[in-house]
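Convention: sequence-line order gives letters A, B, ...; per-chain numbering from 1.
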Amino acid sequence: MDYNKLAELLFGHIDKEPEYYETLYPKRNLPEGAKVTRIGPSPTGFVHLGNLYNAIIGERLAHQSGGVFYLRIEDTDAKREVEGAVELLLSAMDYFGIRFDEGATLDGDNGAYGPYYQRQRKEIYQCFAKELVRRGLAYPCFCSEERLFAMREEQMAGKDNFGYYGKWALCRDLSLEEIEEKIKNGEEYVLRFRSFGDIDNTVELFDGIRGMLKLQENYQDFVLLKSDGIPTYHFAHVVDDHLMRTTHVVRGEEWLSTAPIHAQLFDTLGWQRPIYCHTTVLMKMDGETKRKLSKRKDPELGLNYYRQEGYVPEAVWEYLMTLLNSNYEEWRAENPDKEIGEFLFTTEKMGISGALFDMMKFDSVSQETLLRMPVSEIYDKMAAWLKEYDAEFYELFTRDRAFTERIIGVGRDGARPRKDLTNWKQARQFLSFYFDETFVKDDPYPENVSAEDRKEILNRYLATYDHNDDNSGWFEKIRTISAELNYAVKPKDYKKNPELFKGSITDVSNVIRVAVVGRCNSPDLWEICHIIGEDAMRNRVGKEL
RNA sequence: GGCUCCUUGGUCAAGUGGUUAAGACUCCGCCCUCUCACGGCGGCUACAGGGGUUCGAAUCCCCUAGGAGUCACCA
């Protein structure tokens, strides 16, 4: 068959030669060892943790080496495209501090290797498709969906391998005349790769994370161009990452099984293969078993979850880094004040078994992260979150900045800082009792204190209270009250001989605590009294009498 | 079903032929003049199973099991 004729028949409108694009997109002029990476999300309107996970890897690899990190929009599937998805993606990446050096933006392209929207690269792909046809390595396939479905059924029944290959590849050996005829009749077709791979061969592939891999060679005549002339992922990936001079392809494990397809394409086109870095899928615990995080079941897979819950982006970074590089946690413990960018990230230190997203651990990491944050910054970020998600509390929160910073700072400045603040959503829960407007009685009084004793405790507390007492002077008075009413001054004494006392000083303190704070658990009571002021304190206790 | 990847405590994990098999999170106990939190100390819990190779194996090889991914004109 005359392949040149076929190429002209299929791609008569393509007048560029491959060399044209090779010179249009020359090798990047970068220092030795600089890495070029990218993310290539589909604009489906859902930005998930995996996107960020891979973005962080790509960003680190590029920026640590003086290379380039870019964004390419993989919009080859018009059916799944959602309006506003690119905007959403850009905003999410920006929120999490992912900076692109070039690539797609809302206004179009930024960089010399564009277009960065795949649909706009149609002619480029077709140029290389034409070249493959010329070389006899690609052919049009007119098989209908029904025929493909029937083929699959038959393969399943006969326990054959699925797919379009060998004797199943009906269109592989169509003559030029047959092809001309079908096209003239307006039959739709896709362009398939004429694979020369052998099902029994293995192909070696180097993976930056996993090392040398032995995979089954591709023997399938996979689709290069869909019937609308738009490439499949496989073809687009190979053409784009070659022309955009990507050195490291970071992508999810789900691509591992099709990597031989990509290797075969790179090889036959005579291009150097990038270094693939196949990352693990993110898992979570579901009852007794691990499973992949699912978009439908797991809200924490969506990136906006963290924003809504008020987790800071830094914490998400910190946590993902601990998952990504096993030595990160150690580094962070030794360098609590350094910027995350100073850590040397390596693909070799990445784990290869499915990492489980552990909310408990994430919370702990978030706490550590917030602990390193100055109070004024916490104030700003908490305020910004409240403004968006809790307008009522936002009003109180921002009424007096000095006051609010003081209550945020309770227990943070001393030798033993509080570490229980995890996210901004906790603001109300942690701080509401400092404001009369949001003060409520959440907890009941201790059960083992009679109503009579309760009154007595509160009365004596008010009678002996002196706002000028220091913390220990203040506590001494509570001890006195406890002793007078026969509550053990030392909790241990009560534990040892419960029959000798009505309770312990813990109960007495908690009566006062519930009256003043409304709960059994709170930071230091003396400090709270001094923050809300004597009048407010007396007022609250008085209402309980 | 084919192909492939993965498998150290509840979880994340160090570990590359000789270790008392680190560390972190969780949980439990004790201590820190009251609760909470923080901190300190201590504890529970692991090399998936079976065969080899070797003086010696978590580490190398094989088999089995389990988990995961993929087998689209989706990415």
Distance in angstrom units between [X] [atom1] and [N] [atom2], rounded:
X	N	atom1	atom2	value
Phe235(A)	A72(B)	CZ	C1'	18 Å
Asp442(A)	U35(B)	CG	C1'	15 Å
Ile457(A)	C34(B)	CD1	C1'	12 Å
Trp331(A)	A13(B)	CH2	C1'	19 Å
Ile505(A)	C34(B)	CD1	C1'	6 Å
Lys79(A)	A72(B)	NZ	C1'	9 Å
Ile481(A)	C34(B)	CD1	P	17 Å

So what does [X] touch, heavy atoms closer than 4.0 Å: a base, only the sugar-phosphate, or nothing?
X	value
Ser482(A)	nothing
Val190(A)	base
Thr258(A)	nothing
Lys490(A)	nothing
Arg332(A)	nothing

Taking the [atom1] atom in each of [N] and [M], what is the distance between them to the nearest angstrom?
N	M	atom1	result
G15(B)	A68(B)	P	27 Å
A22(B)	C36(B)	P	32 Å
G9(B)	A58(B)	P	15 Å
C25(B)	A21(B)	P	23 Å
C30(B)	G10(B)	P	24 Å
U4(B)	C27(B)	C1'	38 Å
C74(B)	G69(B)	C1'	15 Å
U19(B)	A46(B)	C1'	15 Å

Check every atom of [options] against the side chain of [X] and return the nucleotide holding the closest atom.
X	options	value
Pro491(A)	C34(B), A37(B), C5(B)	C34(B)
Trp255(A)	C34(B), C5(B), A75(B)	A75(B)
Glu74(A)	A75(B), C5(B), A72(B)	A75(B)
Asn161(A)	C73(B), A72(B), G2(B)	G2(B)
Val223(A)	G69(B), C73(B), C71(B)	C73(B)
Lys226(A)	U4(B), U70(B), C74(B)	C74(B)
Thr506(A)	C73(B), C34(B), C31(B)	C34(B)
Glu254(A)	A75(B), U33(B), C71(B)	A75(B)
Phe475(A)	A75(B), C74(B), C34(B)	C34(B)

**OP:** For Arg479(A) and for Glu188(A), locate the closest nucleotide of RNA chain B by heavy-atom distance; then report the residue assigned to the nucleotide nearer the 5' terminus.
**Re:**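 Whichever sits nearer the 5' end wins; that is Arg479(A).
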
Original post:
Does A72(B) have OP1 or OP2 sitting under 4.0 Å from an N or O in the side chain of Arg152(A)?
Top reply: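 It does, given that an N or O in the side chain of Arg152(A) lies less than 4.0 Å from OP1 or OP2 of A72(B).
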
**OP:** Using only side-chain N and O atoms of Arg192(A), determine if any of them is under 4.0 Å from OP1 or OP2 of C73(B).
**Re:**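 For Arg192(A), the contact criterion (side-chain N or O under 4.0 Å from OP1 or OP2 of C73(B)) is met.
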
Should the ring pair [X] and [Y] be called parallel, tilted or perpendicular, given that the plane angle runs from 0 to 90° and is split at 30 and 60?
X	Y	answer
His237(A)	Tyr233(A)	parallel
Trp255(A)	His262(A)	tilted
His234(A)	Phe222(A)	perpendicular
Tyr189(A)	Phe142(A)	tilted

Subject >> Where Tyr434(A) and Ile532(A) come nearest, the two heavy atoms and their spacing >> reply: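 Shortest heavy-atom contact: O-CG2, 3.9 Å.
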
Original post:
Where do Arg332(A) and Glu318(A) come nearest, in terms of heavy atoms and distance?
Top reply: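 Smallest interatomic distance, heavy atoms only, reads NH2-OE2, 2.8 Å.
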
Subject >> For RNA chain B, the residues among residues 521-528 of chain A that have a non-hydrogen atom under 4.0 Å from it >> reply: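 Under 4.0 Å from RNA chain B: Asn521(A), Ser522(A), Pro523(A), Asp524(A).
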
**OP:** Look at atom CD of Glu405(A) and say whether more than 12 heavy atoms of other residues, nucleotides or ligands are closer to it than 6.0 Å.
**Re:**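 More than 12 heavy atoms, drawn from other residues, nucleotides or ligands, come within 6.0 Å of this atom.
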
**OP:** For Gln155(A), look at atom CD and say whether over 12 heavy atoms of other residues, nucleotides or ligands are found less than 6.0 Å away.
**Re:**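 Enclosed: over 12 neighbouring heavy atoms sit under 6.0 Å from CD of Gln155(A).
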
Original post:
Does Tyr219(A) have its ring centroid less than 6.0 Å away from the ring centroid of Tyr165(A)?
Top reply: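 Judged by ring-centre distance (under 6.0 Å), Tyr219(A) and Tyr165(A) do meet the cut-off.
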
**OP:** Would you give the length of the straight line joining atom CD of Gln264(A) to atom CD of Glu217(A), rounded to the nearest 0.5 angstrom?
**Re:**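 Answer for the CD-CD pair, Gln264(A) versus Glu217(A), is 6.0 Å.
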
Original post:
Can you list the residues that meet the side chain to side chain contact (heavy atoms under 4.5 Å, CB included) rule with Glu334(A), with sequence neighbours excluded?
Top reply: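 Side chain to side chain contact (heavy atoms under 4.5 Å, CB included) list for Glu334(A), sorted by chain: Glu330(A).
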
Subject >> Set of residues satisfying side chain to side chain contact (heavy atoms under 4.5 Å, CB included) with respect to Asp453(A), sequence neighbours excluded >> reply: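 With sequence neighbours excluded, Asp453(A) shows a side chain to side chain contact (heavy atoms under 4.5 Å, CB included) to Val449(A), Ser450(A), Tyr487(A), Lys502(A), given in chain and number order.
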
**OP:** Confirm from the modelled atom types if Arg513(A) and C34(B) form a donor-acceptor pair under 3.5 Å, side chain to base only.
**Re:**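 By the distance-only test, yes, there is a pair.
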
**OP:** State whether the distance check finds a donor on one side and an acceptor on the other, under 3.5 Å, for side chain Arg519(A) versus base U35(B).
**Re:**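 Flag unset: no donor-acceptor pair detected.
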
Original post:
Salt-bridged, Glu456(A) to Arg454(A), with N to O below 4.0 Å?
Top reply: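 Result for this pair is no, no salt bridge flagged.
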
What pairs of nitrogen or oxygen atoms, one from the protein and one from nucleotides 42-48 of chain B, lie under 3.5 Å apart?
none

**OP:** Is it possible for you to check whether Arg251(A) lies under 6.0 Å from the centre of the six-membered ring of Tyr276(A), through NZ or CZ, and within 45° of that ring's axis?
**Re:**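 Negative - Arg251(A) is either too far from the ring of Tyr276(A) or too far off its axis.
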
Subject >> Charged tip of Arg192(A) within 45° of Tyr164(A) ring normal and under 6.0 Å >> reply: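 So Arg192(A) does make the cation-pi contact.
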
Expected rows: protein N/O vs nucleotides 25-28 of chain B N/O, under 3.5 Å:
none

**OP:** Only stems of 3 or more consecutive Watson-Crick or G-U pairs count here, both distances under 3.5 Å; name the ones for RNA chain B, or none.
**Re:**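 Runs of three or more consecutive pairs: B:1-7 with B:65-71, B:10-12 with B:23-25, B:27-31 with B:39-43, B:48-52 with B:60-64.
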
Original post:
After noting the C-alpha distance and the side-chain angles of Glu253(A) and Thr280(A), does the key distance pass the side chain to side chain donor-acceptor pair (under 3.5 Å) rule?
Top reply: CA-CA 5 Å; Glu253(A) 188 181 342; Thr280(A) 58; 5.4 Å; no

**OP:** Give a yes or no answer on whether the side chain of Gln426(A) reaches the backbone of Thr422(A) with a donor-acceptor pair at less than 3.5 Å.
**Re:**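 Here the side-chain-to-backbone pair exists.
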
